[in-house]
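Only this structure's heavy atoms are used, side chains among them; waters, hydrogens and symmetry mates stay out. This one's a predicted model, so the numbers in the text were calculated from it and none came from an experiment.
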Protein chains: 2
Amino acid sequence: MKEQGQGQELTIQQVAEMTGFSVHTLRYYERIGLMDPIPRAKNGHRFYQKNDFEWIVLLARLRNTGMPIVQMQRFAAMMRLGDAGISQRRALLEDHERMLLEQAQEIRQTLDLLRDKIDYYRSWEAEVKGEIHEKGG
Amino acid sequence: MKEQGQGQELTIQQVAEMTGFSVHTLRYYERIGLMDPIPRAKNGHRFYQKNDFEWIVLLARLRNTGMPIVQMQRFAAMMRLGDAGISQRRALLEDHERMLLEQAQEIRQTLDLLRDKIDYYRSWEAEVKGEIHEKGG
DNA sequence: TTACAAGTTTGAGCACGCTCTAAGTCAATA
DNA sequence: TATTGACTTAGAGCGTGCTCAAACTTGTAA
């Protein structure tokens, strides 16, 4: 029995490979309420559907950009509220958007600094090499 | 005795305020070798000089952009090598540069996604509001 | 039918990066 | 002289986010 329904199911391994989460982490996230309970096959194994997968991809993006678990839990809770949670969900995403803009600026400034230093090291290396060359003949 | 030398010294408090690190963290960083030992006044209090301060600002940028402590320790060790450490230092900074470029891309993609969702929520909110308005008269 | 691979659960363990505590020193002020 | 406040040290403690361990079930392949 390789397929359970319309053949759209993914095993936990497959989801792990596709999202970058470990299987441990996927189970952990389900445990702490970041996902609704994933449907199980008769043998107890999870099978993930398309909409589960898309939710996990969203979680991955949020997590990879530094959203704390507790905030993702709040977001998941708002999802369960349906209409009643829309404004809160928007507010939470707008908060994260602001965070990312700040993060992006810090990265830009640090990239500028790094490039200055790298250039400086490069010229220093050239100089040292030049001296060695002179010394060496 | 408010000033110790040319009046360029900073207390640990001042450095903390200026860099965003806590005084605890500044002492911790010194302990674990991220900074050379900071000179002390007769009473044992640290006084930070301009070059100490600049090094700490660099540490702050690296840390704020996600460089792990152990990598900063390697970088600090390379500083102590002088000329011999230049190429390694450049390589380490180039590694971090690459990391930041990836991070920046992840942020851009996530910002796109967030904006889509925020727009979607906004239109959803307008719709729900509209229905309430109709119902309410 | 025996072995193996892939999954399950609950709970413990761990790496990282601080953060705090306790006990003490010192200089300035009331 | 007593108190206050900012600092010192060494070491313990803690929050976050996984990550692993142990014991078990199930389905497939030899």
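- For B:Tyr28 and C:dC20, the shortest distance from a side-chain N or O to OP1 or OP2 is not below 4.0 Å.
- Mapping B:Arg31 and B:Gln14 onto DNA chain D via the closest heavy atom, the residue that lands nearer the 5' end is B:Gln14.
- Distances shown here put a side-chain N or O of B:Gln13 below 4.0 Å from the OP1 or OP2 atom of D:dC7.
- The pair B:Arg40-B:Glu30 meets the salt-bridge criterion, with a side-chain N (NZ, NE, NH1 or NH2) lying under 4.0 Å from an Asp/Glu carboxylate O.
- Side-chain atoms of B:Arg46 lie closest to D:dT9 of the nucleotides D:dC7, C:dG7, D:dT9.
- If you measure from atom CD of B:Gln71 to atom P of C:dG17, you get 11 Å, rounded to the nearest angstrom.
- Note: A:Phe75 and A:Trp55 meet the aromatic proximity criterion, with ring centroids under 6.0 Å apart.
- Of the listed nucleotides (C:dG7, D:dC18, C:dC20), C:dC20 has the atom at the smallest distance from the side chain of B:His24.
- If you check every strand for non-hydrogen atoms under 4.0 Å, A:Tyr29 touches sugar and phosphate atoms only.
- A straight line from CD1 of A:Ile38 to P of C:dG7 spans 14 Å, rounded to a whole angstrom.
- Checking C:dA27, C:dT19, D:dT19 against the side-chain heavy atoms of A:Ser22 singles out D:dT19 as nearest.
- When rounded to the nearest whole Å, the span between CD of B:Glu17 and P of D:dC7 equals 9 Å.
- Side-chain contact between B:Tyr29 and B:Met72 is present, with at least one heavy-atom pair separated by less than 4.5 Å.
- If you check D:dC7, D:dG17, C:dC18 against the side chain of B:Arg27, the one that comes closest is D:dC7.
- Atom-to-atom, CG of A:Asn43 to P of D:dC24 comes out at 19 Å; the value is rounded to the nearest Å.
- A residue-by-residue look at B:Gly44 and A:Pro68 shows that B:Gly44 has its nearest nucleotide of DNA chain D further toward the 5' end.
- Listed nucleotides: D:dG17, D:dC7, C:dT8. Nearest to the side chain of B:Ile12: D:dC7.
- Protein atom CG of A:Leu34 is 11 Å distant from nucleotide atom C1' of D:dG17, rounded to whole Å.
- Residue A:Thr25 places its side chain closer to D:dC18 than to any other of C:dT8, D:dT9, D:dC18.
- A salt bridge does not link B:Asp52 to B:Arg46: none of the charged side-chain nitrogens sits closer than 4.0 Å to a carboxylate oxygen.
- Following rounding to the nearest Å, B:Gln73 (CD) and C:dC16 (P) show an atom-to-atom distance of 10 Å.
- With respect to B:Arg122 and A:Glu94, a salt bridge is recorded, a charged nitrogen being found less than 4.0 Å from a carboxylate O.
- Of the residues near DNA chain C, A:Arg40 and B:Phe21, the one whose nearest nucleotide (by heavy atom distance) lies more toward the 5' end is A:Arg40.
- Residue A:Leu59 contributes atom CG, which lies 13 Å from atom P of D:dG17 at whole-angstrom precision.
- For B:Glu102 and B:Arg98, the salt-bridge test fails: no basic side-chain N is under 4.0 Å from an acidic carboxylate O.
- Look at CG on A:Leu10: it is 16 Å from C1' on C:dA6, rounded to the nearest Å.
- Distances from the side chain of B:Arg63 to the nucleotides C:dT8, C:dG17, D:dT9 place C:dG17 closest.
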